[in-house]
Each structure stands twice: as C-alpha cells, then as structure tokens.
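Read through the structure below, which is laid out as structure tokens, and then see the notes.
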Protein chains: 4
Amino acid sequence: MRRNKPKYKQIIEAAVVVIAENGYHQAQISKIARQAGVADGTIYLYFKNKEDVLLSVFREKMAMFVEKINEAIAEKETAADKLFVMIENHFRILSEDKNLAIVTQLELRQSDKQLRYKINEVLKDYLQVLDHILEYGKEQGEFSAGLDTRLARQMIFGTMDETATTWVLNEHKYDLISLAPQVHGLILHGCKANGKLSK
Amino acid sequence: MRRNKPKYKQIIEAAVVVIAENGYHQAQISKIARQAGVADGTIYLYFKNKEDVLLSVFREKMAMFVEKINEAIAEKETAADKLFVMIENHFRILSEDKNLAIVTQLELRQSDKQLRYKINEVLKDYLQVLDHILEYGKEQGEFSAGLDTRLARQMIFGTMDETATTWVLNEHKYDLISLAPQVHGLILHGCKANGKLSK
Amino acid sequence: MRRNKPKYKQIIEAAVVVIAENGYHQAQISKIARQAGVADGTIYLYFKNKEDVLLSVFREKMAMFVEKINEAIAEKETAADKLFVMIENHFRILSEDKNLAIVTQLELRQSDKQLRYKINEVLKDYLQVLDHILEYGKEQGEFSAGLDTRLARQMIFGTMDETATTWVLNEHKYDLISLAPQVHGLILHGCKANGKLSK
Amino acid sequence: MRRNKPKYKQIIEAAVVVIAENGYHQAQISKIARQAGVADGTIYLYFKNKEDVLLSVFREKMAMFVEKINEAIAEKETAADKLFVMIENHFRILSEDKNLAIVTQLELRQSDKQLRYKINEVLKDYLQVLDHILEYGKEQGEFSAGLDTRLARQMIFGTMDETATTWVLNEHKYDLISLAPQVHGLILHGCKANGKLSK
DNA sequence: TATGAATGAGGGTTCATTCAT
DNA sequence: TATGAATGAACCCTCATTCAT
C-alpha cells in the first residue's frame with residue numbers, strides 16, 4: 001500500500017508547504033519534488049498525476065479533520081455542545097496550521113471544475129458529521145423539528161467557511177478560535193433579538 | 001467612455017457565456033472574441049488585458065446585483081423584510097441567469113490570488129448592503145443589540161453563497177428561489193428549537 | 001508631388017523623434033502619427049508602408065548630409081583639406097542633432113536585411129562623395145597612386161562611422177567634432193611612426 | 001556545467017545556421033530547435049531565453065575569434081606583423097564560415113538596444129587585443145608616440161568591420177582574405193602619397 | 001525504486017494596415 | 001484629404017509527464 005510509505009506523506013506535506021508559499025498556480029511538480037527531497041519522476045510512482053497529488057492533499061487533511069472532530073464530538077452530550085466543539089475545532093485546526101488554512105481556504109479553490117467536484121466528494125465525509133449532529137439535535141428536541149437538514153448544514157458550513165476565509169484574507173491578524181462562541185450563538189439563535197432581551 | 005459603447009457590453013456577455021460553457025481555464029480570448037463576433041484584437045481596444053475582461057465581468061454583474069437589490073430593499077420597512085428580499089433577489093438573479101451563476105459560484109473562484117483580491121474589493125459594495133441592513137435592524141431593536149456585524153454578515157453571506165454553490169454543483173436541479181424563506185428563517189432564528197414556535 | 005507637402009516633412013521629423021526616444025522596435029506607426037499630430041491612416045496617404053517611412057527618413061537626412069558636405073568640400077582646394085572638412089562636417093551634423101545621431105548610428109541598423117540593402121543604396125550617394133575626393137587626390141598626386149579607391153573609402157567611412165557610433169554609445173559625453181583632426185591624421189598617415197617624428 | 005554539454009554547442013551551431021538562412025527576425029526558437037534536432041523546450045534547459053541564445057552565439061564565436069587571433073599574434077615579433085595577422089585572421093575566420101559572417105556582420109546588428117549593449121560588452125575582449133597591439137607598437141617605437149589608442153582602435157576596427165560588411169553585402173563575391181595586405185597598408189600608412197618613404 | 005533530461009502542446013498580446021465615413 | 005476603429009496573424013515560454021538508465 002503506497003499510502004503508508006514514508007515518501008507518500010513526505011510529498012503530501014511538501015505540497016502543502018509549496019502551495020501555501022507559492023500559490024496554487026505556482027505549485028509546480030518540480031517545486032513539490034524539490035521540497036520533498038525527491039526527483040520529479042518519483043512523484044509519479046506514488047501519485048497518478050498532479051491532480052491526484054492535490055486531491056490527496058485534501059483527502060488526507062480532511063480525514064485528519066474528521067477524525068479529530070469526531071473524537072471531540074464524542075465527548076459531548078448535547079447537540080449544541082457537539083456543534084460548539086465542532087466549530088471550535090474547525091477553527092483550531094486551521095489556526096494551528098496556517099499553511100493548511102491558506103491551502104484549503106484560498107489556494108485549492110483555484111482548481112478547475114473537475115477537481116472541485118472531486119474535492120466536494122471528499123468534503124461529504126465532513127458534511128456528514130454535521131448532518132449527524134443536526135439529526136441528533138432534532139431527535140433530542142434541541143433543534144427545531146422542521147429544520148431542513150441540508151439547508152441547515154449549508155448555513156453552518158457556509159458560516160464557518162466564510163468566517164475562516166475572511167480570517168485568512170485578513171492574514172490571520174485576529175484570533176479565529178475566540179470567534180467560536182459568537183458563531184455558535186449565531187447558528188443556534190440567528191440574528192433576531194430574542195424575546196427577553198428585546199423587550 | 002469605452003464602457004458605454006455597445007461592444008463593451010457585447011464582450012462582457014460573450015465572456016459570461018464562454019466561461020460558463022468552457023470553464024475558467026478554457027476561456028481563451030480567442031473564444032470570447034468569436035462568441036462576441038469581433039476580432040481578437042478588438043478586445044484589447046476595450047480591455048487592458050485578459051484579467052481586465054474577467055474582472056470587468058464581475059464588476060458589471062456585481063453592480064447589477066447591488067442595484068437590483070438596493071431597489072428591492074428600499075421598498076421594505078423592517079430589517080427582517082429587507083433581509084428576506086435580499087436573499088430572495090440574490091437567489092432570483094442567479095436563477096434567472098444560470099450562466100452567470102456558474103461563472104460567479106464556480107468559475108471565477110479559480111482566478112489566481114491577485115484577481116481574487118480585486119474581486120474581493122468589488123464584493124465589498126455588496127457586503128456593505130448587508131452591513132446596512134444589520135445596523136438598521138440593530139437600531140430598530142429587531143436584531144439583537146450584541147450582534148457582531150462582521151460575523152453576522154459572514155454568516156449571512158456564507159449561508160447564501162454556500163446554498164447557491166451547492167445548487168450550482170447540483171446542476172440547478174431544484175428550485176433555488178423557493179429556499180429563500182427557510183434560509184431567511186435559519187438566519188433569523190438559527191437552528192435551535194424555539195419553545196413557542198416549534199409547538 | 002507628395003514630398004513637398006508640409007505633412008510629409010512633418011511625419012519624417014516625427015519619426016526621427018519617436019525612433020530616437022523609443023528605439024527602432026518601439027517606433028510604432030501610431031506613435032509617429034501622434035507625434036506628427038495626424039491620424040494613423042494619414043501616414044498611408046504619404047508613404048507606402050512603414051518601411052517606406054523609415055527609408056524616407058534615411059533618404060531625406062542623407063540628402064541633407066550630402067548637400068551640406070558638398071558645399072563645404074567645394075570651398076577647399078586640396079584633397080586633404082576636402083577630406084578634413086568632410087570628416088569635420090560629418091561629425092558636426094551628428095553633434096548638432098543628437099536624435100539624428102542616435103537614429104542613424106544605432107536604431108536604423110536594427111532594420112531587417114531588406115531595408116538594410118535599400119539603405120545601403122541610398123548611402124552610395126554619400127560614398128561617392130568620398131570616392132570623388134580620393135580620385136581627385138590621386139590625380140593631384142596627394143594620395144598614393146596605387147590606392148585602391150574602394151578599400152580606402154571603406155577605411156575612411158568605417159573609421160568615421162565607428163568613431164561616431166562609439167561616441168553615441170558613450171552617450172555623447174565627449175566632443176566629437178574635436179576628434180576630426182586626429183581622425184584626419186590617422187586616415188592620411190596611418191599608425192606608423194613617420195621617420196622624422198620618431199627620431 | 002551546461003556549456004560543455006554537447007547539446008549546448010549543437011544549439012549554438014543551429015542558431016548560426018538558422019539566423020544566416022532566415023534572418024534575425026525570422027529566427028524563431030522553433031526553427032532553431034528543429035535545426036538542432038531537439039524539442040523547443042530543450043533549448044530552455046540550456047538557455048534562459050531567446051536573448052540568451054543569441055548573446056551566447058556571439059559570446060562563443062567571439063571567444064573563438066579572440067583565441068585564434070591571440071595564438072596567431074603571439075608568433076609575431078613586431079606590432080606591424082601582429083596587426084597583419086590580426087587582420088588576415090579576422091578575414092580568414094569570416095571567409096571560412098560564411099554563415100557566421102552573415103550573422104555577425106548583418107543579422108545580429110538587428111538586435112534591440114539592450115542586446116546590442118551586451119554584445120558590445122563581449123566585443124570589448126576583442127578590442128582589447130587591438131589595444132595591446134597598439135600599446136606594444138608605441139612602446140617599440142613602431143607606431144607614432146602621439147597615437148590616440150582609442151581613436152586608432154576605432155579606425156582599425158571600423159576599417160576591418162566596414163570591409164567585412166561590404167564583402168557580405170556583396171554576397172562574398174570576391175576574396176576577402178586577399179584584401180588583408182592592402183588594408184594593413186592603409187592602416188599603417190594612410191592614404192597619403194609618401195614620395196620618399198615609398199622608395 | 002529512483003532519477004532527471006527531454007518532450008511539445010498551447011495562448012495572450014501587439015501592431016501594421018485597411019476602409020467606411 | 002483625413003480619420004481611427006477594427007482586423008488577425010504570429011511566437012516565446014512553461015511545465016506536466018515520460019522513459020532510458
């Protein structure tokens with residue numbers, strides 16, 4: 001199994017660094033090879049082609065995302081709490097690896113439609129975690145029974161994603177993790193003034 | 001003034017069609033020229049370079065977005081209503097021009113960092129419309145006083161954008177406009193079951 | 001006759017300025033037209049094509065060269081004196097119009113082989129002036145009877161030309177005209193130490 | 001070291017042929033590659049860009065010029081003899097490689113100002129050989145003590161260059177090498193009839 | 001496995017020239 | 001005569017991929 005060999009990971013990590021430092025369109029195979037300390041041709045022993053390298057970057061990182069977040073979620077009881085740790089961990093992982101944040105929020109989006117579709121397939125694993133929380137919340141009566149899971153998932157992911165992208169575009173100059181409580185609040189209660197406060 | 005000449009608009013419209021049909025990276029100047037019914041060189045009488053064509057596509061379309069939405073908003077009294085017509089019109093404009101939807105939701109995002117930054121500058125006009133609604137809602141007591149405008153704006157835009165992108169990725173196979181009420185509800189009240197309403 | 005109309009001269013002078021300021025390859029018809037204060041198309045009412053403009057620049061200027069130099073030569077008696085005023089005037093004309101110097105010594109040489117051949121045809125008028133001086137000198141016994149006119153002409157023209165070109169490449173930072181006596185001396189006597197002087 | 005690899009020389013030689021046969025402005029990289037029997041891209045493994053190819057042609061050939069001429073000069077005792085073998089070898093090298101003659105005398109002069117300056121830098125090595133002969137001749141009392149080295153160098157180089165260019169423009173239809181003695185004579189003694197000295 | 005030299009397709013842009021007004 | 005908007009051909013260079021070693 002190629003994916004377990006050390007050079008596989010080595011190339012993936014090199015790709016993240018090269019893309020973050022040079023941008024998507026300047027991330028040539030030769031640069032990735034040099035960063036990984038292998039020859040250009042060697043990359044083709046581990047990956048089918050360049051698209052496969054980029055997709056693998058996303059796949060590996062997303063798997064890590066899902067794993068970490070599933071762990072964190074499991075420890076919480078309520079859907080609201082699960083949602084909170086999901087948001088917080090989403091922000092934390094990006095905060096802890098700024099290169100990864102640049103790559104996923106800005107650079108990989110420059111890939112063409114074909115790769116975008118494949119990336120969206122991989123993303124589904126992550127979105128399912130969200131769906132599970134939403135279904136669980138509805139079952140428990142925490143979330144509104146009439147909630148459309150797909151729409152709610154789009155709201156939550158769209159909000160987290162837009163928040164993270166804005167943070168990267170602002171060159172990480174404020175703390176992303178500390179926005180988690182407010183984002184959580186917005187997602188749970190929306191913008192509307194709630195009864196007591198607005199009175 | 002070049003921008004008022006008929007060929008200017010003609011080239012912009014041709015660019016939308018070509019990008020939608022061929023994808024960002026396959027939208028060569030020669031294809032756009034052919035679609036517009038002009039010679040390749042003519043494009044350079046109206047635009048500085050290819051990037052200028054693409055940025056102008058976004059600028060012209062976004063101006064149209066802002067204009068239409070400002071008109072619609074002006075007719076409404078409450079912030080909640082303004083927000084509703086904004087969401088509905090955002091979805092309506094994309095629904096009415098599927099090529100435009102493909103271009104703004106998928107293709108133009110493949111532009112490189114430099115163009116992305118310029119596009120983001122143009123986008124600010126649109127985001128400001130959102131900010132005005134949010135501020136207005138807070139003034140009127142409709143929206144919670146403690147609402148962070150920037151975060152709320154990111155939530156709203158992120159939600160609309162993610163909803164629209166998912167719709168495009170699903171090849172417009174369901175009705176986007178009819179999602180507006182639910183999206184509006186989510187943005188106003190969030191996911192949380194609200195005692196009285198859920199009864 | 002087109003060549004006597006004011007716009008003909010106007011375009012020629014504009015071409016000299018544009019070529020001197022922008023270089024041969026950056027001397028587009030549109031720049032020359034703008035400098036001359038006419039429309040692009042107007043140039044084609046006076047010249048067959050761009051090559052014709054450039055060749056005409058050379059032809060007009062060379063005619064002026066020949067005329068001025070013939071006048072100066074006529075006043076002198078000996079071949080040596082005629083040669084001296086030729087060298088001095090050659091240097092003087094270039095010194096008095098630095099743009100012309102740049103154009104003839106550097107820029108027009110970048111023209112392609114076809115134009116070079118035509119320019120060489122025009123140059124023949126000038127070289128004939130030299131030939132006449134040489135023949136006259138031989139007749140008068142001033143110049144060595146065995147002198148090969150063509151070779152001597154190449155030596156004289158080559159020397160003047162190389163001297164002028166080096167001066168232009170050095171950005172006119174020394175006085176060209178004052179080199180005339182030494183150049184004259186070299187051409188007459190060569191490098192060799194002459195008996196009496198070397199004693 | 002790239003310059004020692006066989007393909008480097010191979011591309012240089014191909015460039016000389018292509019430029020001589022097609023002219024400077026028609027010497028496309030693709031033609032040079034085809035002539036060299038390599039792919040277009042291969043040229044860019046050995047040269048930075050097209051200008052680098054052209055400059056290298058001149059640099060390599062000029063180095064050969066300087067080397068051959070230095071060898072020939074070293075064998076001679078007097079400055080006059082050194083000068084003679086320099087002229088003869090200058091003419092001989094061009095005579096032996098007619099393509100090279102076309103390239104250096106006509107085509108490379110069409111390069112733009114930037115490349116011209118770089119070519120002039122390379123040419124300095126050659127001109128220094130001339131300077132050394134002139135200085136040596138003055139030391140030995142062979143050449144006139146008051147000789148201005150720079151001017152004399154310009155005369156000699158200008159004469160040789162003009163003679164060679166005229167020969168190329170006349171399509172090599174007479175023998176260039178056999179002109180060397182007369183050119184040598186002209187350079188040494190000038191045009192002037194030297195009654196007594198010539199006895 | 002690993003190397004890295006060689007390949008070759010593909011496109012934005014310029015500008016001399018034309019021609020309807 | 002004069003205009004200037006429109007034309008469209010032409011080319012350097014990059015880089016993903018291959019394959020002989």
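Lettering follows sequence order; numbering is per chain, from 1.
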Beyond-backbone contact of [X] with [Y], side-chain heavy atoms, under 4.5 angstrom:
| X | Y | result |
| --- | --- | --- |
| Ile19(A) | Asn99(A) | no |
| Tyr8(B) | Leu45(B) | no |
| Leu123(B) | Met62(B) | yes |

Check the distance between [N]'s [atom2] and [X]'s [atom1] and give it to me in whole angstrom.
| X | N | atom1 | atom2 | value |
| --- | --- | --- | --- | --- |
| Leu45(D) | dA16(F) | CG | P | 14 Å |
| Ile43(A) | dT17(F) | CD1 | C1' | 11 Å |
| Asn49(D) | dT14(F) | CG | P | 8 Å |
| Asn22(B) | dG11(E) | CG | C1' | 14 Å |
| Ile32(D) | dC11(F) | CD1 | C1' | 12 Å |
| Ile11(A) | dT3(E) | CD1 | P | 10 Å |
| Tyr44(D) | dA9(E) | OH | C1' | 14 Å |
| Phe47(B) | dG12(E) | CZ | P | 15 Å |

Taking for Glu51(A) and for Gly41(D) the nucleotide of DNA chain F with the nearest heavy atom, the one nearer the 5' end belongs to Gly41(D)
Given DNA chain F, 5'-ward residue of the pair Gly37(B) and Ser30(A), judged by closest heavy atom: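 Looking at the nearest nucleotide for each, Gly37(B) comes out on the 5' side.
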If you find the nucleotide of DNA chain E closest to Ala39(D) and the one closest to Lys48(C), which residue's nucleotide is nearer the 5' end? Ala39(D)
Considering all heavy atoms of both residues, which atom of Lys113(C) and which atom of Ala20(D) are nearest to each other, and what is their separation?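 So the minimum-distance heavy-atom pair works out to NZ-O, 4.0 Å.
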Taking only the side-chain nitrogens and oxygens of Lys5(C), find out if one of them lies under 4.0 Å from OP1 or OP2 of dT1(F).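 The answer is yes; a side-chain N or O of Lys5(C) sits under 4.0 Å from OP1 or OP2.
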side-chain N/O Lys7(C) vs dA2(F) OP1/OP2, d < 4.0 Å: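 Yes, within the criterion.
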Pair listing, ring-ring contact (aromatic ring centres under 6.0 Å, His included) test, anchored in residues 9-28 of chain C, at least two apart: His25(C)-His25(D)
Please determine if Lys118(A) and Glu121(A) form a salt bridge, counting it only when a charged side-chain N lies under 4.0 Å from a carboxylate O.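 Salt bridge flag = no for Glu121(A) with Lys118(A).
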Could you tell me whether Glu13(B) and Lys61(B) have a side-chain N and a carboxylate O separated by less than 4.0 Å? yes
Among [options], which nucleotide has an atom closest to any side-chain atom of [X]?
| X | options | result |
| --- | --- | --- |
| Tyr46(D) | dT7(F), dA6(E), dC15(F) | dA6(E) |
| Asp40(C) | dT3(F), dT17(E), dC15(E) | dT17(E) |
| Gln26(C) | dC15(E), dC12(F), dA2(E) | dC15(E) |
| Lys50(A) | dC12(F), dT3(F), dT17(F) | dT17(F) |
| Ile29(A) | dT17(E), dG12(E), dT17(F) | dT17(F) |
| Gln28(B) | dG4(E), dG8(E), dG12(E) | dG12(E) |
| Thr42(A) | dC13(F), dC11(F), dA2(E) | dA2(E) |

Could you walk me through whether Lys9(B) and Glu60(B) pass the salt bridge (charged side-chain N to carboxylate O under 4.0 Å, His left out) check? CA-CA 9 Å; Lys9(B) 299 272 183 201; Glu60(B) 293 290 319; 3.3 Å; yes
The bend of the helix from dA2(E)-dT21(F) to dT21(E)-dA2(F), taken between the axes of its five terminal pairs at each end and rounded to 10°, is 10°
